[in-house]
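Atoms within each ligand, like the ligands themselves, are counted from 1 in listed order.
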Amino acid sequence: MPVTVSAGHQLRSTARPIGRIPVQDVHPAVDGGALPTTSVVGEELQISATVFREGHDAVNATVVVTDPDDVVHHTPMTLINPGLDLWTAQVSADHTGTWAYRVEGWSDPYGTWLHDAVIKIGAGVDVELMLEEGARLLDRAVQEVDQDRSSKAALGQAAARLRDATLNSEQRLSAGTAHDIEALMRTSPLRDYVSASPTYTWLVERKRALTGAWYEIFPRSEGAHFDDRSGQWVSGTFRTAMQRLPAIADMGFDVVYLTPVHPIGETNRKGPNNSLEAGPHDPGSPYAIGGADGGHDAIHPDLGTWADFDAFVARAQELGLEVALDLALQCSPDHPWVTEHPEWFTTRADGTIAYAENPPKKYQDIYPVNFDNDPAGIYAEVRRVVQVWIDHGIQIFRVDNPHTKPVEFWQWLIADVSTDYPDVIWLAEAFTRPAMMHTLGKVGFQQSYTYFAWRSSATELQEYVEELAGASSVYMRPSFWPTTHDILTPYMQYGGPTAWKLRAALAATLVPTYGIYAGYELVEHVARPGAEEQLDNEKYQYRDRRWQDYAPGGPKEGQSLAPFLKRLNSIRRDHPSLSWLRNITFHTVDDPELLVFSKRHGDDTIIVVANCDPHTTRASTIHLDLAALGLGPAGTFVAHDLVSDSTWHWGEHNYVRLGVDSEPVHIVHVRRF
Ligand SMILES: O=P(O)(O)O[C@H]1O[C@H](CO)[C@@H](O[C@H]2O[C@H](CO)[C@@H](O)[C@H](O)[C@H]2O)[C@H](O)[C@H]1O
């Protein structure tokens with residue numbers, strides 16, 4: 001129905017009334033507020049809006065937050081750009097759940113009086129009138145505003161002094177403008193013509209949704225070995241993989257991610273190095289899910305039983321590790337769904353089912369599920385499968401290729417699961433175009449793999465992280481992986497151990513969640529010819545990394561990056577500034593191959609200086625933004641490099657030297673005098 005503004009004037013039927021005090025451009029507002037803004041517990045969220053009014057009276061603004069228990073919290077906003085009427089405030093939530101916020105603009109009668117009274121009384125204009133008007137405002141505050149008894153008494157006394165004709169006008173005025181009165185009127189203001197913006201949904205999730213160090217394994221490789229007697233490989237099991245967990249925990253990782261653990265199909269099974277013909281003993285790709293032993297709700301018999309899986313999860317939990325499981329919604333031709341639900345696949349004119357692709361990659365051993373053929377049936381079955389794993393202690397899913405399934409399916413699935421399991425976290429492996437990657441975040445994925453692996457220069461990294469920590473951070477949380485089982489960039493193939501140290505350090509410090517694929521410690525850098533992924537990839541064969549050889553006293557002692565990774569993770573744990581995303585500042589440096597950034601949270605400040613050129617040692621001068629570090633203009637501080645354990649005295653301009661003949665990165669803790 002059209003809204004009547006005044007006699008004879010109507011708004012266009014779709015218009016939202018502007019309100020007495022216009023409140024515009026509220027940020028964040030994901031897709032105009034159609035989708036929730038997200039953060040984790042304790043994470044600061046900056047809310048801004050344009051708030052203004054006609055004429056010259058004072059205007060003010062408040063962020064009004066409603067928590068999941070319907071308790072309302074008011075946060076005053078600050079005018080940060082008077083010329084643009086731009087107001088901001090920081091808010092944060094102290095528990096998980098669905099919160100909401102809106103911005104209220106309001107006319108500020110005390111602010112108006114304060115401004116006018118000081119000028120007019122100072123100039124001897126309308127003196128009695130102004131003093132009486134001030135007194136009446138304070139009377140109103142006593143009546144209308146929720147104040148404690150002593151505050152009301154103070155306001156009442158100030159009103160009396162404003163009217164006290166025995167005092168001079170200056171004394172009377174100062175009663176109404178005194179700091180304590182101003183503070184009371186600021187914290188519990190008189191608010192006229194309060195006008196609210198729309199209300200925005202704010203989803204607050206657990207900290208792990210933002211922060212964590214992941215370690216990826218193929219469980220069948222952990223404990224796999226070549227048996228000389230039979231001349232065959234013997235698969236690792238959950239029980240043998242369990243023996244690897246203490247080392248993963250000791251390196252300081254928070255999440256151990258398992259590639260699929262289900263039965264593997266035999267039809268079109270792939271052999272070593274992505275060959276289209278497997279030998280009789282080749283194990284096949286774990287992503288070719290489903291066979292005679294079951295599908296997505298089953299365990300590959302080579303890995304053990306449900307009891308073994310449960311024991312693995314329990315052991316991980318004992319060591320402080322969460323277990324993340326791959327959810328790859330596709331089927332080997334031998335998957336039970338193919339015979340039980342042929343309608344879930346797309347049959348071509350010749351009666352065959354087309355295999356899956358993620359161009360230019362071809363997955364000849366799997367069929368894609370066609371969600372449009374029976375959405376209700378497929379949704380229900382996937383939900384059932386997910387529940388099976390939740391019931392076995394899984395709270396994190398790494399979703400394989402979510403961008404090849406309908407977005408609305410993910411929106412439904414994640415929301416449905418979160419109704420009963422709000423702590424379940426979903427990581428999107430959507431190496432695809434930005435629109436899809438971002439939208440998956442907007443519809444519920446708590447984390448997303450990113451383009452980090454392909455951003456290697458200092459300029460590219462700065463630009464990319466500014467985007468991720470800026471506008472998109474309210475709906476998409478990045479996870480940085482220097483390599484994965486599918487990704488081995490030329491930078492990593494040819495950069496040597498320096499590149500591997502550097503990229504791990506950057507991933508671990510630029511953003512709060514990062515991940516390492518097993519073997520990273522060993523700098524496994526040789527690619528399959530013509531592909532940017534590992535040679536002899538364990539996607540198609542077992543890999544016995546002989547971890548024991550790198551242990552103290554072993555023949556390869558000292559040849560692993562495990563101590564370096566452990567150092568990175570302990571720095572992350574000791575320094576809370578590294579566990580947040582939006583708190584990053586980039587600094588300048590003379591050499592464009594160097595990257596300098598800092599992160600600050602409370603008293604903790606970390607500066608990272610990285611040489612992004614893994615082939616050359618570089619020396620340069622860095623120029624620090626001291627204010628961003630919380631230091632005064634002439635500030636100096638003790639810089640403690642947590643990588644080399646060196647200590648220097650630093651100020652605004654500092655000489656650095658990083659590279660192949662030393663460490664490629666400084667991770668500096670700012671120690672204040
Ligand atoms: O397509 P992506 O590069 O994002 O990779 C993910 O999905 C792939 C398909 O699930 C998966 O590919 C592997 O499994 C396929 C099915 O068995 C096989 O045909 C591919 O050769 C193999 O690389 C990939 O591992 C996963 O991360």
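- Close N/O approach between I366 and ligand 1 is not found [any backbone or side-chain N/O within under 3.5 Å].
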What do the steps show when you test H281 against W233 for ring-ring contact (aromatic ring centres under 6.0 Å, His included), and what is the final call? CA-CA 8 Å; H281 299 289; W233 278 89; over 10 Å; no

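- A cation-pi arrangement, defined by a distance under 6.0 Å to the six-membered ring centre and an angle within 45 degrees of its axis, is present between R503 and F452.
- Proximity of R269 to ligand 1, defined as any heavy-atom pair under 4.0 Å, is not found for any part of the residue.
- Evaluated by nearest non-hydrogen atom to atom 19 (O) of ligand 1, the leading choice among T432, D365, V399, N273 is D365.
- A salt bridge links E538 with R545: at least one charged nitrogen is closer than 4.0 Å to a carboxylate oxygen.
- Applying the 4.0 Å criterion to heavy atoms of Y363 picks out, from ligand 1, the atoms 1 (O), 2 (P), 3 (O), 5 (O), 8 (C), 9 (C), 12 (O), 15 (C), 18 (C), 19 (O), 20 (C).
- Proximity of A328 to ligand 1, defined as any heavy-atom pair under 4.0 Å, is not found for any part of the residue.
- For the residues R398, K361, E533, K270, the heavy atom positioned nearest atom 3 (O) of ligand 1 is part of K361.
- Set against the non-hydrogen atoms of D400, the atoms of ligand 1 under 4.0 Å away are 6 (C), 7 (O), 8 (C), 9 (C), 10 (O), 26 (C), 27 (O).
- Classified by interplanar angle (parallel below 30°, tilted 30° to 60°, perpendicular above 60°), the ring pair W500/Y520 is tilted.
- Among all protein heavy atoms, the one lying closest to atom 23 (O) of ligand 1 is K539 NZ, 2.7 Å.
- Among all non-hydrogen protein atoms, the one lying nearest atom 21 (O) of ligand 1 is Y540 OH, 2.6 Å.
- At the shortest separation from atom 11 (C) of ligand 1 among protein heavy atoms lies Y287 CG, 3.9 Å.
- Atoms of ligand 1 lying under 4.0 Å from any heavy atom of S285, numbered from 1 in the order shown and given with element: 13 (C), 14 (O), 15 (C), 16 (C), 17 (O).
- With a 4.0 Å heavy-atom cut-off, ligand 1 is reached by the side chain of N274 but not by its N, CA, C or O.
- Looking only at protein heavy atoms, the nearest one to atom 27 (O) of ligand 1 is D486 OD2, 2.3 Å.
- At least one N/O-N/O distance between N358 and ligand 1 falls below 3.5 Å.
- Ring geometry, Y257 versus W481: the interplanar angle exceeds 60°, so the pair is classed perpendicular (tilted spans 30 to 60°).
- The residues K442 and E408 are annotated as not salt-bridged, no charged nitrogen and carboxylate oxygen being separated by less than 4.0 angstrom.
- Between W337 and W344, the ring planes lie perpendicular to each other; the angle is over 60°, past the 30° to 60° tilted range.
- Considering both main-chain and side-chain atoms, H403 never comes within under 3.5 Å of ligand 1 through any nitrogen or oxygen pair.
- The distance from ligand 1 to the heavy atoms of H485 drops below 4.0 Å at these ligand atoms: 24 (C), 25 (O), 26 (C), 27 (O).
- Atoms of ligand 1 found under 4.0 Å from any heavy atom of N401, numbered from 1 in the order shown, are 1 (O), 2 (P), 4 (O), 6 (C), 7 (O), 8 (C), 9 (C).
- Taking the six-membered ring where the residue is Trp, F309 and F238 present perpendicular rings, their angle passing 60° and hence far from 30°.
- Comment: E205 engages R477 in a salt bridge, judged by a side-chain N to carboxylate O separation of less than 4.0 angstrom.
- Near Q330, meaning under 4.0 Å from one of its heavy atoms, ligand 1 places the atoms 9 (C), 10 (O).
- A cation-pi arrangement is present between K501 and F564 under the rule of less than 6.0 angstrom and at most 45 degrees off the ring axis.
- Ring orientation note: the planes of H485 and Y517 are nearly perpendicular, at an angle over 60° on the 30°/60° scale.
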